[in-house]
Amino acid sequence: MSTPIQEPEPRNPYYHTAMVRDPDLFFGRQNTIRRLYASMRDRQCISLVGPRRIGKSSLLGALTSREVLARFGYVLDEQVLAYVDTSAQPLQSYEDLLEYISGQLVAQNQARLSSLRRQPKRDVNQFRQFLEDIKALGLYPILLLDEFESIAGARQFELPFFSFLRSQANVGMISYITASKDSLNKVCHVDLVGSPFFNIFSALKVGALTSDETRELIMVPAEKAGVPFNSAEVAWIVDMAGHHPFFIQRACHFLFEAKSLRLHARLDLQAIEQQVYAELLPHFDYAWSHLGTDLEELLAWEARREGVSRRSVPELSESRLFRRFVCEE
């Protein structure tokens, strides 16, 4: 008697605990992406500001995707983009940084910058010439600088270096899009406070998803994977996680796991909720410890009251699980 072939378990599409790299699994941020592409087209500098795990890295990564670019109808034929995680390398000096970012520009645009594979650019004169060489090719570089506080807050990067970066943007040689947990003037070290470098940026807040974006993130991956969530389950996730993309991802992950293993059994939503809460607890604790006393008191007041029409920190306090954490805290 032949053994029946078992169908493979559907792959859980809510596996991201870090940067989303698959453009098909990146949802939301439509208005933000449109503004960023318009700024890139117009050669402007933007500072993305938002708390940890809100999706800043995923947003920067999405900008480099041809699929996302086509989805929004932009053509950036002259621009060459490089995503640079500034916390990924031990950068002991500005020479290390210039070498790293020039190498990333070439590596991520090999077809267009292949003629520039020469000696590493380790000083300001070499880097200035590097930008001139890119311009001679009819191209314009844009650096997507993630975790920018690791540079702005490091004392080895002094005021003259940031003045150099500013001058290159001012003369139209390069643009920067930075991502940081707070405004640039707050994440920099004390000697940089008031630096003219920060004046070339427009700030753009990265916060909670919209209601439509939230539902899309919840529903579309599950449907494509063949384990759709019903309307009650969608509402349950929104209630638990609010509109924070990382909270949503983790809630969806555990619900999908339970549904894919028990397609014909009744779900224990209370047990799943406990899994989600345990998973998110360290992230709640980190967010809470970085709020500041005034916001802690305000969120503690809000957490004890249901039906609050407008939350002070919606990316956090629209989540019932976060409010539970605040009450327990």
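Note: hydrogens, waters and symmetry copies are ignored here, and every other heavy atom, side chains too, is used.
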Checklist entry - Do you know which of His16, His253, His283 makes ring pair (Phe, Tyr, Trp, His ring centres under 6.0 Å) with Phe246? => result His283

Next on the checklist: Can you confirm whether Arg41 is buried at CZ, in the sense that more than 12 heavy atoms of other residues, nucleotides or ligands lie under 6.0 Å from that atom?
Outcome noted: yes

Next on the checklist: Please check if the number of heavy atoms outside Arg71 that lie under 6.0 Å from its CZ is greater than 12.
Outcome noted: yes

Item to check | Name of the residue among Glu279, Gln275, His244 meeting side chain to side chain donor-acceptor pair (under 3.5 Å) with Arg250 | outcome: Glu279

Checklist entry - Looking at Lys205 and Glu315, does any basic side-chain N land under 4.0 Å from a carboxylate oxygen? => result yes

Checklist entry - Below 4.0 angstrom, N of the basic side chain to O of the carboxylate: do Lys181 and Glu149 qualify? => result yes

Checklist entry - Is the shortest heavy-atom distance from the side chain of Gln79 to the side chain of Ile142 under 4.5 Å? => result yes

Checklist entry - Any side-chain heavy-atom pair from Leu116 and Ile134 closer than 4.5 angstrom? => result yes

Checklist entry - Looking at Glu273 and Arg320, does any basic side-chain N land under 4.0 Å from a carboxylate oxygen? => result yes

Next on the checklist: Check Glu78 with Arg112, please: is the shortest side-chain N to carboxylate O separation under 4.0 Å?
Outcome noted: no

Checklist entry - So, Tyr176 side chain and Leu144 main chain: donor-acceptor pair closer than 3.5 Å or not? => result no

Checklist entry - Parallel under 30°, tilted from 30 to 60°, perpendicular over 60°: which one fits the rings of Phe247 and Phe284? => result perpendicular

Checklist entry - Are Ser87 and Asp85 linked by a side-chain donor-acceptor pair shorter than 3.5 Å? => result yes

Next on the checklist: Whether the Arg128 and Asn125 side chains hold a donor-acceptor pair (N or O, under 3.5 Å, no angle test) is what I'd like checked.
Outcome noted: yes

Next on the checklist: Under 6.0 Å from the ring centre and within 45 degrees of the ring axis: does the NZ or CZ of Arg34 meet both conditions for the six-membered ring of Phe72?
Outcome noted: no

Next on the checklist: If the threshold is 4.0 Å, N to carboxylate O, is there a salt bridge linking Asp24 and Lys224?
Outcome noted: no

Checklist entry - Is there a side chain to side chain contact (heavy atoms under 4.5 Å, CB included) between Phe254 and Tyr14 once you walk through the steps? => result CA-CA 9 Å; Phe254 287 106; Tyr14 306 98; over 6 Å; no

Next on the checklist: Quick one about Ser175 and Tyr140 (side-chain donor to acceptor, distance below 3.5 Å, no hydrogens or angles considered), yes or no?
Outcome noted: yes

Checklist entry - Is Asp191 salt-bridged to Arg155, going by a charged N under 4.0 Å from an acidic O? => result yes

Checklist entry - So, Ser319 side chain and Gly242 main chain: donor-acceptor pair closer than 3.5 Å or not? => result no

Next on the checklist: With heavy-atom distances below 4.5 Å as the criterion, would you say the side chains of Leu291 and Leu299 are in contact?
Outcome noted: yes

